[in-house]
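Just below is one structure, and these are the notes that go with it.
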Amino acid sequence: MNFLLDEDHLALKQSAAVFLDKEIVLDALLKPGASVDQANYRGNWEKIAAMGWTGITVPESYGGLGLSCVDVAMVLGEMGRTLAPSPFLGNLIGTWALLRLGTEEQKQRILPAVAAGTARLALAVGDAAGDVADHSRELGAERSAQGFLLKGARAFAIDAAGADWLIVDAHNAETGRRGFFLVDTKSDDLTVDIMNWRDLTRQVCDVRLNGCVGEELAPLTPADWAWVRDRILFALAAECAAGTQQILSMTAEYAKERVAFGKPIGSYQAIKHSLADMLGQAECANVAVLYAAWALSEEAPQASLAAAMAKAFAADAYVDCTHRSIQIFGAIGFTWEMKNHLYLKRAHANAELFGNSRAHRSRVIDLAQQAAA
Amino acid sequence: MNFLLDEDHLALKQSAAVFLDKEIVLDALLKPGASVDQANYRGNWEKIAAMGWTGITVPESYGGLGLSCVDVAMVLGEMGRTLAPSPFLGNLIGTWALLRLGTEEQKQRILPAVAAGTARLALAVGDAAGDVADHSRELGAERSAQGFLLKGARAFAIDAAGADWLIVDAHNAETGRRGFFLVDTKSDDLTVDIMNWRDLTRQVCDVRLNGCVGEELAPLTPADWAWVRDRILFALAAECAAGTQQILSMTAEYAKERVAFGKPIGSYQAIKHSLADMLGQAECANVAVLYAAWALSEEAPQASLAAAMAKAFAADAYVDCTHRSIQIFGAIGFTWEMKNHLYLKRAHANAELFGNSRAHRSRVIDLAQQAAA
Amino acid sequence: MDFRLPAENDPRRAVVRKWLSEHPKPSGRQLAEAGYTVPHWPKPWGVAAEPELQFIIDEEMGRAGVMPPNLINPVAVNNCAQTLLSHGTDAQHERFLMPALACEEIWCMLFSEPAGGSDLAALRTTARRDGDHYVVKGQKTWTSLAHKAQIGVLIARTDTAAPKHAGLSAFLMDMKSPGVTVRPIIDLSGCKNEYNEVFLDDVRVPADRLLGKEGEGWRIATSQLQTERVALSKPGAIWGAGPSARDLVNGLAVSGHLSDPVVRDEAAKIFIEGELLRLLAYRALSDRMNAKPSGPEGAIRKMLAAPHGQHIVEMAKKVQGPRGMIAGEQPFPSQVGSGKGMFADWDYAFWFSPAVTLGVGTQEILKNIVAERTLGLPRENDPTAKLPWTEINRAKSA
Amino acid sequence: MDFRLPAENDPRRAVVRKWLSEHPKPSGRQLAEAGYTVPHWPKPWGVAAEPELQFIIDEEMGRAGVMPPNLINPVAVNNCAQTLLSHGTDAQHERFLMPALACEEIWCMLFSEPAGGSDLAALRTTARRDGDHYVVKGQKTWTSLAHKAQIGVLIARTDTAAPKHAGLSAFLMDMKSPGVTVRPIIDLSGCKNEYNEVFLDDVRVPADRLLGKEGEGWRIATSQLQTERVALSKPGAIWGAGPSARDLVNGLAVSGHLSDPVVRDEAAKIFIEGELLRLLAYRALSDRMNAKPSGPEGAIRKMLAAPHGQHIVEMAKKVQGPRGMIAGEQPFPSQVGSGKGMFADWDYAFWFSPAVTLGVGTQEILKNIVAERTLGLPRENDPTAKLPWTEINRAKSA
């Protein structure tokens, strides 16, 4: 039993922190009228690729770093803390999907390029309502001479714009079941549009497939999708926990400096106790994410439970703490020129992506009951 | 439009306050080991009867005061404020039931005695789980030569012990539907036991009917039961709102007197803000009860909605404020010798009787939708 | 006691309806001259309307599609005109009152400052006497309507040696004066709402624009804020405007969400709160009818209404799922009403909603006020209240 | 990083199991002499156990059905023995330590007073030197186990002219001394729990019972409270004892309530909180293993655990409906486990639960501590901290 991070983890976290503190500048987003176009997505991605993080979870046998979920938590935490705009998360999710769902041939063909930063992956599995369960038929796959023809749409696809390969799920007309397919985004029969997403630090995309060709991935078991989903939940939770900690730190600092009626506002109990509540949430979110990271790394039996708990708790904590942050900053925290709203929007967006907290809590009850049985 | 109480109402409230402040002494309940037997139920009731309040809602044509629900709110509010232990509420509920559900002959036979304080009524409609909906078959009625024979049980009957007449609901084997029956408690085939109820200021009873004879009341429509139920909900809400106001006053006074670190604890924001929250709840509960009282008095279309809102809101407010009160009093407020727990237990008990707040909220949605349609 | 609102056939309605039918699109001046802009004022400005008549006038104007003057020129009509009447000179009445009530001159209130926050009286903008003018220097923020206003009610420090509350004075400043720069504040939704920063660089204000006496600025300003608090506590989510709890329940019903027990229970809580707030608002009106002093009751209602409003729009946002994160996406079909004005947009109202517990007194300050004034709890100690203002500043920068 | 707890086949378990099989019903003295009462202490008192071994010992004692000494004599074992070791004289070690660890003498802590509340240091009990004795006069309250205790760790004022924190001293008082009267406190559930009022009427305490030096009372007392805070933050609803969130979910499952979506969602929130608190408790253990200083972490966990515990028992009470208001009625079938001891009774735990945010530091004080120590926010100002104690009292009674 040892809940402390190893030296390696701390070193990775530290180097990510130093790198991101230096490279990530959000000022352009804080100018009135800014959109995600000002987020320097491409520039940041190039620098991240230079760090080798494009292949962070790609096994060494395919040329990647082959790091574990605990390592990923270190890097993703720092990205979440700095809101680093880049397709890191989308590529990571796509990589997990190909790793688990792809055939050996497909992995050998694509993962080395991903690891080298010359190709980018993304996953597109949401229907128009954002549901990622397997009953969505808004995208259908029919076998043809050229392979499967995909017709329909997917939405809320993180970092699909600019990706070289998309992995989509579709209703396979042949089997009557869900299947996963690999799509080359160079296809003319595919359009990807960046949604008018409130979280300006992230590109979330609509994907339309007008009969483009999809390559079937390996046959799917429910456990395969659960494996990918748990990692996505963990990744979003890791961003949330780190963002919660960051907004707490920013707000506590402000409360020490801002004076009202001759005293720092942090000396008033209403402010002080709200910050204590935020701290409690930040601590819990942090331990939830580390536990999920460890359980996923170990492929432990409680991995799904830990991932669901982490997403549900950390997302709610992030939403609550970013709201409190604005209340403590006061009116200035409500303006576009301050960073508070970027965190608030990231919090709300992460809370909604891949199932909201209530949905995951419902799963937690089921998973806990299974574990107890 | 005039939300102020009339002079008559204020005078009634004032006289009730003076009377109850003088007569109600709860000290015996604050001694270790006290039970509802020490509550002076009988003595208080005799004094209340001398005030003429036994027939407060009995129409003047039957010898009563014929007062409206607004008047009742004045008296019940003061009873709730002082936690006056007495069968006033049970008798009031029984009276409402007989007024609405009894035949003219029954009313003429019984109500004058009730008004004169020589007979007491009570209603017994709860099943073993406390459900008062009409599908409970734990009590059955079968027609016989002597009238209907009642077999089974009712629970959570307020002030059934010592009542002269019980009104019970039973599954009528003849019609296959719910019927209401009048039972003479002198029957040997009836036992009434006072439950081991946490709220020591009130007798809540188990009733067992072992084939005793019941007299059928007038035929029942759903509107009839709703009429009675709405008044019961209003009555419980009136106690809750007044109790909330009282616990707020007691707690605010304590917060001004109790000193910590050289200052009254009421000068600390955590305490101050909690009291402000309590005040907001007390104000809302109060207006909810007055609105329900007015709507019931006027038999206004929104009467059911107003009664459901009042019960749901005021009960929750009372529970929350009595809990906060103990927190603000600190450890002393947690002891048996202080009154805080009597209010806490009344709050919890009222919240559970005749449907909890969530059940009434669900009805509020239905009633609001009907009103809007 | 009677909870009925004035009936459809109330005879008082006839007079109002007749006037409105004779003036189908009344100008601001027509409304002001008819006394309908401030109906509760005595003649000649108002019609000495008791609160029920005010309620009737509001309702009838709404039905006739007349934009109420207190929404067009809120600072003047709701807050400042009464102050002008009480504190202004005859010449000031003559010059300012009718253009304000007629909405011919829009007003704004130059009070809050960036460094001030809740400690409003610590404001730093100074007005230095220079012959028959005052010279004003400083910066104001969160100024509603400054971009449209001709007249700004300025609170500035005329005596820096006095304690902070005592050194303030009020002025009727021409917003078109040289040295006044107005810059919109972009809120977190990305919208230019109605708030502005106002920079004051040696603005020369004629001495006859002083409102009341030197040193009365704090009293004048706070009496205005108290009026504002009452005005802001209606059942709409955003300071009384925008969607109400009823709109929420209708929306959830239409969109099928009420069958979800968790949503249903939450929605019912919000609905009940909304109804009780509506009753409290009517009670305040009723108190006014009965000439009861209003006391801190407006603060209580704002304390309750602000989080209530946040719950309304948060719940609507929540049922949208991820679609709610798409800018401009609405939670309910468009037939679900949600009032008028910019807050009728559910999505905008949600993103704006963090402000309702900040504006016009933070929730913390309101709770202090409620607990201190209603329950008589000890007042929050302000160690800077009695210091000369210059010494406070020295202490801070030390 | 490794979240695994010591495994079943961990070799360290064998030693403990062997000893327990050789001592199937160990006496308190046997446990103390084996070092299992304070295993983390160095020999001869403990076995210098690192935290994992402590965890193993706890688990194995639980399995063997051995009541842990820290539950029998909690004040001595958890809080005071360490203090005695640090501050006591050799003679005091000799006289008190083994009987305390062997649970042959039960201890209590005479600290809180009726007039004190959160302001513990303002306590009024005095100890006046009189020859080779101190004469103690005053009243204590909320004293756990005073009715069973032989030894009371008394904090009393030996210098009334010093500031309140500086004038206190600690004593090892014989609870059977003349002048000591113990009266149980009946809590709102109607139960005599383990709390008492203790009246001290000119109790003579030998001078050699002074613990540490005169004036060190505050430091000794607060170091004990900090230990207590850590000890109190386990996942059970009532200060770590009684039903846990897992018990709640099991109970709701067995009783069929989990199919109600509102109950299900609430229960899931509580379950997750419980799991995260469990992880935080393990993390604290892990920090100790890694010799990290523990800091205000115990206060954070107590701040979270106290309302968490209230939620557990409130939810269980709520699903009972009106039956929950019948004294002694339980929410779930008896097969649903909820630990041992008096708090295993769900009904009692519910009525006791308001105390968990009051005892050992109110929730308000804990939040101050958390915010001040962890986030570095300014400390709450105590205007009485530096006054001579006699002057504070004068100011209060004036």
Side-chain angles (χ1 to χ4, degrees), chain B residues 1-6 9 70 73 248-249 251-253 255-256 263-269 271-281 283-288 290-291 293-295 297-298 300 302 305-306 308-310 312-313 316 357-358 360-366 368-369 372-373, chain C residues 1-7 51-52 55 245-246 249-250 252-253 258 261 263-273 275-280 282-287 289-290 292 296-297 299-301 303-305 307 363-364 366-372 374-381:
Chain B
M1 181 177 66
N2 184 359
F3 282 41
L4 287 193
L5 294 164
D6 303 341
H9 299 139
V70 178
L248 166 63
S249 305
T251 310
E253 285 316 304
K256 287 180 216 172
K263 291 195 286 190
I265 61 170
S267 58
Y268 293 96
Q269 273 191 343
I271 304 288
K272 195 180 269 192
H273 289 188
S274 189
L275 283 162
D277 288 336
M278 289 166 72
L279 175 69
Q281 292 184 61
E283 289 286 302
C284 286
N286 180 45
V287 81
L290 289 180
Y291 184 58
W294 170 81
S297 295
E298 299 284 322
Q302 66 269 46
L305 175 61
M309 293 201 303
F313 190 90
D316 283 3
S357 296
R358 184 173 156 212
H360 294 301
R361 282 195 293 269
S362 184
R363 293 178 48 240
V364 161
I365 292 289
D366 288 332
Q369 298 274 96
Chain C
M1 193 169 63
D2 184 357
F3 282 66
R4 277 184 205 86
L5 298 175
E52 277 197 1
F55 184 89
R246 287 187 179 194
V249 171
N250 291 342
L252 294 171
L258 280 185
V263 171
R264 187 181 181 86
D265 194 47
E266 254 335 287
K269 284 182 193 164
I270 295 173
F271 178 85
I272 293 171
E273 269 177 17
E275 290 300 288
L276 299 183
L277 279 165
R278 199 171 54 84
L279 292 170
L280 287 178
Y282 290 155
R283 196 178 69 182
L285 201 60
S286 171
D287 282 354
M289 282 175 57
N290 289 280
K292 274 186 68 173
E297 218 249 9
I300 297 175
R301 283 191 294 129
M303 172 186 89
L304 295 168
Q363 195 71 355
E364 287 74 29
L366 276 169
K367 287 186 178 179
N368 281 353
I369 290 173
V370 165
E372 291 165 9
T374 312
L375 299 173
L377 293 177
R379 296 193 68 152
E380 191 89 52
N381 178 34

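Computed from heavy atoms alone, side chains included, the values below leave out hydrogens, waters and symmetry copies. To find a chain, count down the sequence lines: A is the first, B the second, and so on, and within it residues start at 1.
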message = Can you tell me which of Ala252(B), Ala306(B), Ala276(B) forms the most heavy-atom pairs within a distance under 4.5 Å of chain C?
response = Ala276(B)

query = Nearest 0.5 Å, what's the NE2-CG distance between His273(B) and Leu366(C)?
reply = 9.5 Å

inquiry  = Quick check on the interface: out of Asp366(B), Asp316(B), Leu248(B), who has the most heavy-atom pairs with chain C under 4.5 Å?
reply    = Asp366(B)

query = Measuring from Asp2(C):CG to Leu4(B):CG, what's the distance to the nearest 0.5 Å?
reply = 11.5 Å

request  = Mind listing the closest non-hydrogen atom pair of Ala255(B) and Leu377(C) along with its distance?
outcome  = CB-CD2, 4.2 Å

request  = Please test Tyr291(B) against Leu276(C) for side-chain contact (heavy atoms from CB on, under 4.5 Å), starting from the C-alpha separation and ending with a verdict.
outcome  = CA-CA 9 Å; Tyr291(B) 184 58; Leu276(C) 299 183; over 6 Å; no

ask   = Quick one: what part of Ile271(B) sits under 4.5 Å from any heavy atom of chain C, side chain, backbone, both or neither?
value = neither

key: Structural part of Arg246(C) lying under 4.5 Å from a heavy atom of chain B   = neither

inquiry  = I'd like to know which of Ala371(C), Pro378(C), Gly376(C), Ala253(C) tops the heavy-atom pair count under 4.5 Å against chain B.
reply    = Pro378(C)

inquiry  = Are Arg283(C) and Asn286(B) packed together at the side-chain level, in the sense that at least one heavy-atom pair is separated by less than 4.5 angstrom?
reply    = yes

Closest-packed option against chain B by number of heavy-atom pairs under 4.5 Å, given Val370(C), Leu258(C), Leu279(C), Leu280(C) = Leu279(C)

inquiry  = If you count heavy-atom pairs within less than 4.5 Å of chain B, which of Thr374(C), Asn368(C), Val249(C), Asn381(C) leads?
reply    = Asn368(C)

request  = Spell out, as yes or no, whether a donor-acceptor pair under 3.5 Å connects the side chain of Lys256(B) to the backbone of Leu375(C).
outcome  = yes

task = Side-chain contact test, heavy atoms from C-beta onward, threshold under 4.5 Å: evaluate it for Cys284(B) versus Glu273(C) and give yes or no.
result = no

inquiry  = Going by the rule side-chain contact (heavy atoms from CB on, under 4.5 Å), which residues pair with Glu266(C) if we only count those two or more places apart in sequence or in a different chain?
reply    = Lys269(C), Met315(C)

query = Under a 4.5 Å heavy-atom cut-off, does chain C meet the side chain of Val70(B), its backbone, both or neither?
reply = side chain

remark   = Looking only at Leu305(B), Leu5(B), Asp277(B), the option with the highest number of non-hydrogen pairs under 4.5 Å against chain C is Asp277(B)

key: Residue part contacting chain B, namely of Glu364(C), when any heavy atom lies under 4.5 Å   = both

remark   = For Ala312(B), the side-chain contact (heavy atoms from CB on, under 4.5 Å) test, sequence neighbours excluded, returns Ser357(B), His360(B), Arg361(B), Ile272(C)

request  = Kindly indicate, with the supporting measurements, whether the criterion side-chain contact (heavy atoms from CB on, under 4.5 Å) is fulfilled by Lys367(C) and Lys272(B).
outcome  = CA-CA 7 Å; Lys367(C) 287 186 178 179; Lys272(B) 195 180 269 192; over 6 Å; no

task = Select one option (side chain, backbone, both, neither) describing which atoms of Ile300(C) are under 4.5 Å from chain B's heavy atoms.
result = side chain

key: Leu279(B) portion near chain C, given a 4.5 angstrom heavy-atom threshold   = side chain

ask   = Is the closest side-chain heavy-atom distance between Glu380(C) and Gln269(B) below 4.5 Å?
value = yes

